[in-house]
Amino acid sequence: MGRTFRIKVRMRRFRRQHPRIAFAIRSFMIFSATFGGAYGFVTGSRAPNSGYDPNAFAIGASFLFALACLGLATLSMRLRFVNKRMRKLAAHNDALIDRNWELKEAEERARNLFESQGDLIVLRDHQGRITFVNDAYCALAGQARRALVGTRFDFDVLEQGDSARESNGTRIHDQRISTPLGARWIAWREGFVRHDAGQPAELQSVGRDVTDRTETERALSDARDQADAANRAKSRFLAMASHEIRTPLNGIIGMGGLLLDTTLTPEQTTYARAVKTSGEALMALIEELLDYSKIEAGKLDLDQRPFALSTLIEEITELLAPRAQAKKLEIAAYVDERLPLEVTGDAARLRQVLLNLAGNAIKFTATGGVALIVEPGIWPNQISFLVRDTGIGIAPEAQSRIFREFEQADDRVARTYGGTGLGLAISERIVKRMGGRITLESEPGRGSTFEVAIPLAPSQGHAGQTTFPSPDLAGKSILLVAGGIEASLIARRLERWGAQTCLAADAAVAEALLPERSWHAVLIDRALGASLTDRLGEVARAHATQRLVLLTPSSRHDKLSPAFTGFLVKPLRAASLAARLALTPDVPSPDLAPEPVEPAAVKTSPGGLSILVAEDNEINALLMRSLLTKLGHRVVLAVHGEAALESWLAANSAGTPYDLVLMDIQMPELDGIEATKRIRAHEAATGRHRTPILALTANTLVEDRYACFEAGMNGFLVKPLDREKLDEALAGLASSRQIAV
Ligand code: ADP
């Protein structure tokens with residue numbers, strides 16, 4: 001089969017290649033067959049012994065005729081079949097011609113499109129010769145297509161930008177090129193394309209003119225750099241200005257304090273207090289402005305150190321308690337016990353935010369109270385700090401506005417309460433920087449709740465954490481006779497400890513409840529009134545083992561009824577409550593066991609220290625001398641760095657070295673940093689013991705602190721200084737055994 005097919009194919013090929021020879025062979029074969037047949041027949045029929053039989057002849061002729069007819073029929077069928085195929089081929093041919101036209105048109109369109117593209121398009125062969133360029137390229141090159149194709153033309157590169165490669169191998173880069181139309185920035189995309197399998201690949205470059213965009217970007221970046229520089233200059237200026245303002249303020253506040261320590265008439269005391277309070281208000285304003293400028297300049301660096309949550313919250317509450325109690329407001333805190341004891345974060349900044357929110361809450365509340373509640377947030381490691389008040393509330397339209405700088409809810413606020421409208425703007429930025437958010441829910445006339453939710457991871461190791469054991473109050477009944485925010489928070493805490501708590505806001509109700517059962521403890525708020533509280537205490541004697549009274553610091557010196565077994569000072573510390581409730585019933589009477597809440601008396605060091613104070617500002621020098629002398633120290637003043645150095649050297653050679661040097665940073669002649677460096681160099685050269693040196697400055701920028709430590713100083717004291725701050729710093733130095741007190 002295969003063989004016959006091969007022979008047929010060969011014969012067909014031969015016929016196609018040599019049509020004349022094939023025609024001659026075919027004609028010869030037809031002629032030979034016809035002639036052979038006719039000759040055979042005539043010769044055969046004429047021969048005498050041929051036995052011609054007309055019947056057989058007729059049969060033979062008919063047979064041949066039939067054969068001829070069959071042959072003709074076969075030929076006619078083949079002809080029809082061939083005709084059909086011819087028609088099909090003709091139709092196919094027409095379709096191919098149409099398709100060819102379409103392709104040609106499409107190619108033309110594509111070429112036109114390519115050529116009229118706004119982007120530059122150029123194709124180069126493997127030798128870098130141009131094989132195709134579009135109109136845009138020709139226009140930019142200022143040459144005709146004919147002149148470019150076949151050449152190695154390229155633009156001069158004035159500047160080469162960064163280059164990157166995509167995963168499909170396309171190279172992307174920017175170039176600044178020189179063209180007859182001037183310098184242009186082109187963003188190129190280059191890749192290899194292969195048009196024909198047998199041909200080497202061509203480099204296709206498509207370039208977009210991005211001159212406008214690049215120049216705008218450059219202008220923007222320049223503008224940003226200038227703005228950054230201006231911002232830096234602004235914060236430097238603010239730091240300088242605030243330093244300049246702080247220095248005289250230091251004198252005003254300090255001298256005001258000293259004046260208040262002297263014997264004054266009541267009128268003079270009022271004036272002196274007003275001077276001191278105004279100075280402190282001005283200082284707070286400067287702090288806020290400085291903080292704001294720091295945040296604006298992006299200089300807010302956050303600390304990451306472990307701190308105890310409950311200590312932070314209790315400190316804030318205690319700090320604000322006098323302000324709240326002066327307005328007859330309650331202030332209370334609650335830290336959920338599911339929270340970690342210690343977390344890692346910036347305690348100082350968090351304290352600043354919460355102090356601002358709680359301070360506002362007190363400022364804008366006339367009756368009721370303020371609560372600080374700390375709970376787990378909705379996300380893992382998130383902690384939610386709620387500051388709730390029962391104050392004037394904030395109108396819905398002002399709620400988002402007050403977070404913007406210098407915005408207050410309305411003009412009345414500024415007139416009635418004062419303030420700058422910066423606190424919330426600063427707080428929000430700090431919270432955002434911590435990765436959290438600050439939200440507000442408020443209704444005018446019904447109070448506000450600010451929520452700060454920030455991620456705070458539990459700290460590893462709980463270093464320095466002093467936790468208290470929770471008392472086991474399971475099954476014990478406690479009657480709490482108090483009203484307001486603090487009472488509900490105390491009840492919540494007692495329930496967490498397992499107690500069955502009964503909260504009664506009214507003394508008469510409490511009196512009726514007392515005989516109902518035997519109480520483990522009865523807690524009575526002195527705010528109900530002294531006589532009512534004492535009476536309730538008496539009644540409770542028969543029904544409760546522990547009878548505790550809740551006091552404000554101002555009422556703790558009042559005479560208490562012996563019916564009480566103890567007292568607790570508001571705002572209540574969870575640890576104090578736990579300790580009180582865990583006690584045995586025979587607790588000593590309150591008079592015998594007062595809680596240690598007396599303000600720490602200013603301590604004076606026995607014998608005192610010999611201190612060199614280098615300070616150029618006369619008033620501040622006088623203030624330092626008075627403060628230190630009052631604390632029992634001996635002071636020598638130096639008016640500039642040079643004088644300080646001389647005095648220090650003289651004291652050393654006289655064998656009476658100073659115990660401490662307090663060094664102002666900005667001084668004429670020789671500044672504090674340089675003077676310290678010289679002292680340290682001298683100590684290193686002579687092998688002397690290092691004299692503790694504390695910087696004394698109104699500058700609070702971080703770089704200034706670094707400069708102090710780099711110069712070899714031991715610490716940093718920020719002006720304005722008061723007696724407590726100074727005493728604390730001196731005590732700190734003494735305890736770190738750097739000064740022999
Ligand atoms: P300042 O208190 O110095 O005015 P803030 O930025 O801290 O600045 O507060 C902006 C404004 O938001 C306040 O002036 C006040 O109108 C409103 N506001 C803040 N906290 C409260 C609050 N607890 N209750 C009512 N209004 C508040």
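When a ligand or atom number is given, it counts from 1 through the structure's own listing order.
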For the residue pair Ser459 / Thr344, report whether a side-chain donor-acceptor contact shorter than 3.5 Å exists.
no
Mark up the atoms of ligand 1 that fall under 4.0 Å of a heavy atom belonging to Gly393, in ascending order.
25 (C)
Heavy atoms only: give me the nearest Ile331-Ala321 pair and the separation to one decimal.
CG2-CA, 3.7 Å
Sub-4.0 Å atoms of ligand 1 with respect to non-hydrogen atoms of Ile394
18 (N), 21 (C), 25 (C), 26 (N), 27 (C)
For atom NZ of Lys327, is the number of surrounding heavy atoms from other residues, nucleotides or ligands below 6.0 Å larger than 12?
yes
Return yes when atom CZ of Arg492 has more than 12 non-hydrogen atoms of other residues, nucleotides or ligands closer than 6.0 Å, and no otherwise.
yes
Among Ile362, Ile402, Asn356, whose heavy atom sits nearest atom 17 (C) of ligand 1?
Ile402
For Asp389 and Arg446, run salt bridge (charged side-chain N to carboxylate O under 4.0 Å, His left out): C-alpha distance rounded to whole Å, both residues' side-chain angles, the deciding distance at 0.1 Å, then the answer.
CA-CA 8 Å; Asp389 67 59; Arg446 307 202 59 168; over 6 Å; no
Show which atoms of ligand 1 fall inside a sub-4.0 Å distance from at least one heavy-atom site of Gly423.
5 (P), 6 (O), 7 (O), 8 (O)
Does any N or O of ligand 1 fall below 3.5 Å from an N or O anywhere on Phe450, backbone included?
no
For ligand 1, the portion of Val387 having any non-hydrogen atom under 4.0 Å away
neither
For residues Ala695 and Met713, report the shortest heavy-atom separation together with the two atoms involved.
CB-SD, 3.3 Å
Glu375 and Ser384: side chain donor to acceptor below 3.5 Å
no
Under 3.5 Å between some N or O of ligand 1 and some N or O of Leu424?
yes
Gly421 near ligand 1, heavy-atom distance under 4.0 Å?
yes
With atoms numbered from 1 as shown, which atoms in ligand 1 lie under 4.0 angstrom from a non-hydrogen atom of Leu422?
6 (O), 8 (O)
